[in-house]
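Each chain gets a letter, A, B and so on, in the order the sequences are listed, and its residues count up from 1.
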Protein chains: 2
Amino acid sequence: MQLDETDRSILRILQSDARTPFSEIAREIEMSSATVHDRVGRLEDEGIIEGYHTSVDARAVGFGTSAVVGLRIEQGQEDDAVERLREIDGVQEIHLTTGEWDVVLRVYAEDTDHLRELMFDNIARIDGFSRSQTMVILGSELEDRSLPI
Amino acid sequence: MQLDETDRSILRILQSDARTPFSEIAREIEMSSATVHDRVGRLEDEGIIEGYHTSVDARAVGFGTSAVVGLRIEQGQEDDAVERLREIDGVQEIHLTTGEWDVVLRVYAEDTDHLRELMFDNIARIDGFSRSQTMVILGSELEDRSLPI
DNA sequence: AGTGAAAGGTTAGACCA
DNA sequence: TGGTCTAACCTTTCACT
């Protein structure tokens with residue numbers, strides 16, 4: 001599906017603030033709010049808008065530790081391994097990649113003890129697992145996530 | 001600051017749908033919408049709510065390629081390097097890490113050509129850069145980002 | 001595909017327990 | 001803190017273009 005400049009403007013605004021009222025978007029892009037309403041509905045229906053999320057300070061809710069984890073999985077066992085990984089609380093992203101690792105995860109843990117538990121008791125025990133590398137995040141300089149639409 | 005169960009419930013609901021009307025949150029947690037309004041305002045003021053974002057299908061807006069990039073930066077040059085990285089369009093996350101890499105990036109590009117350009121013309125030319133590894137994301141099995149509050 | 005208008009719902013702010 | 005009230009504002013639908 002082809003996006004026009006109006007769709008892109010709406011996406012740009014919603015990306016930076018998902019709670020922007022349609023009436024305000026309408027003002028900014030100089031269209032009626034009924035139009036904005038229709039377009040947003042269409043973008044949702046077509047799956048171009050995947051969802052509206054609130055980013056919460058991980059530390060404030062008890063997740064002070066985060067890591068990027070690279071995993072090697074034996075050939076043919078990737079699908080099963082991904083299923084196991086999905087079930088682990090704290091595993092927030094699972095990416096299948098080329099290069100040194102087959103799977104790259106983003107993991108949130110309460111503290112380093114909890115992270116160790118996740119790694120040794122949950123992740124390292126997965127069938128097909130052969131080796132891993134944990135890169136503890138000391139700080140995030142950018143965690144923007146908005147696309148340059 | 002200490003979060004009580006009401007705050008956590010509000011965060012849980014907003015995390016899964018940032019556009020949920022306060023009146024509906026109020027119904028779900030059995031409080032008045034004025035209370036929800038006050039609490040959300042406080043959570044925003046205290047920085048516990050960091051923002052409301054819309055996730056947009058990257059492919060639909062022309063970013064079909066994504067990668068995780070590990071970088072080695074010579075000691076003492078990390079801060080300058082991070083500043084340069086920030087300025088690069090397509091670099092969506094910058095994490096300082098322990099382990100094999102000093103910096104881990106999440107990068108979005110239009111296609112593999114664009115990714116190569118980002119890597120060779122932008123990232124590899126940064127002062128202090130010593131080596132990198134690019135893990136192209138073939139698919140994301142989970143890209144949840146919501147915390148188990 | 002876009003609009004204006006109107007009904008109904010939501011929010012912000014002042015004030016009370 | 002939490003609640004009530006209210007005016008201003010926002011969303012949604014629909015007939016019309």
Side-chain angles (χ1 to χ4, degrees), chain A residues 1-64 110 145-149, chain B residues 1-64 110 145-149:
Chain A
M1 185 259 178
Q2 201 48 43
L3 300 176
D4 64 14
E5 203 31 62
T6 305
D7 292 322
R8 288 173 173 270
S9 300
I10 292 171
L11 290 174
R12 213 179 294 122
I13 294 165
L14 285 176
Q15 230 191 180
S16 64
D17 183 1
R19 285 190 76 92
T20 313
F22 294 170
S23 58
E24 193 186 321
I25 299 174
R27 233 173 285 131
E28 287 187 39
I29 67 173
E30 292 172 319
M31 295 233 166
S32 75
S33 53
T35 301
V36 174
H37 179 258
D38 287 356
R39 295 231 180 192
V40 170
R42 213 190 58 228
L43 292 165
E44 286 172 353
D45 291 345
E46 284 171 351
I48 291 162
I49 289 176
E50 295 170 337
Y52 304 102
H53 304 291
T54 298
S55 41
V56 174
D57 180 352
R59 240 167 262 187
V61 292
F63 291 87
E110 287 161 32
R145 221 151 268 147
S146 65
L147 297 166
I149 299 173
Chain B
M1 186 257 178
Q2 201 49 39
L3 300 176
D4 64 15
E5 203 31 61
T6 305
D7 292 322
R8 288 173 172 270
S9 302
I10 293 171
L11 291 175
R12 214 179 293 121
I13 294 164
L14 286 176
Q15 230 190 180
S16 63
D17 183 2
R19 287 190 73 93
T20 314
F22 293 170
S23 57
E24 193 186 320
I25 299 174
R27 228 173 290 131
E28 288 188 38
I29 66 173
E30 291 171 321
M31 296 239 164
S32 76
S33 53
T35 301
V36 175
H37 178 256
D38 286 358
R39 294 230 181 195
V40 170
R42 214 190 58 229
L43 292 165
E44 287 172 351
D45 291 346
E46 283 169 352
I48 290 163
I49 289 176
E50 295 170 337
Y52 304 103
H53 304 291
T54 298
S55 41
V56 173
D57 180 352
R59 240 167 261 186
V61 291
F63 290 87
E110 288 162 33
R145 218 151 273 143
S146 64
L147 297 166
I149 299 174

Q: For B:Asp4, check salt bridge (charged side-chain N to carboxylate O under 4.0 Å, His left out) against everything at least two apart and list the hits.
A: B:Arg39
**Q.** Counterpart residues, side-chain hydrogen bond (donor to acceptor under 3.5 Å, both in side chains), relative to B:Ser146 (two or more places apart)
**A.** B:Asp144
Q. Any side-chain heavy atom of B:Glu44 sitting closer than 4.5 Å to one from B:Tyr52?
A. yes
Q: Go through residues 26-54 of chain A and report each residue with a non-hydrogen atom lying under 4.0 Å from DNA chain C, sorted by number.
A: A:Met31, A:Ser32, A:Ala34, A:Thr35, A:Arg39
Q | Contact boundaries on DNA chain D for chain A, cut-off under 4.0 Å to non-hydrogen atoms | A | D:dC10 to D:dT13
Q: Give every residue pair that meets the side chain to side chain donor-acceptor pair (under 3.5 Å) criterion with at least one member in residues 10-20 of chain A, sequence neighbours excluded.
A: A:Glu5-A:Arg12
(Q) If the condition is side-chain hydrogen bond (donor to acceptor under 3.5 Å, both in side chains), which residues does A:Thr6 pass it with, not counting sequence neighbours? (A) none
Q: Not counting sequence neighbours, which residues clear side-chain hydrogen bond (donor to acceptor under 3.5 Å, both in side chains) with B:Thr35? List them please.
A: B:Ser32
(Q) Applying side-chain contact (heavy atoms from CB on, under 4.5 Å), can you list everything that pairs with A:Asp57, at least two apart in sequence or on another chain? (A) A:Arg59, A:Ala60, B:Glu50
**Q.** Distance, rounded to the nearest Å, where A:Gln2 contributes CD and C:dA1 contributes C1'
**A.** 16 Å
Q. In residues 9-18 of chain B, which ones come under 4.0 Å of DNA chain C, going by heavy atoms?
A. none
Q) Taking five pairs at each end, how big is the angle between the two axes of the helix from C:dA1-D:dT17 to C:dA17-D:dT1, to 10°? A) 30°
(Q) With heavy-atom distances below 4.5 Å as the criterion, would you say the side chains of A:Arg42 and A:Asp7 are in contact? (A) yes
Q.
Using the side-chain contact (heavy atoms from CB on, under 4.5 Å) criterion, which residues pair with A:Ala58? Sequence neighbours excluded.
A. A:Phe63, A:Tyr108, B:Leu147
Close N or O pairs between protein and nucleotides 15-17 of chain C (under 3.5 Å):
none

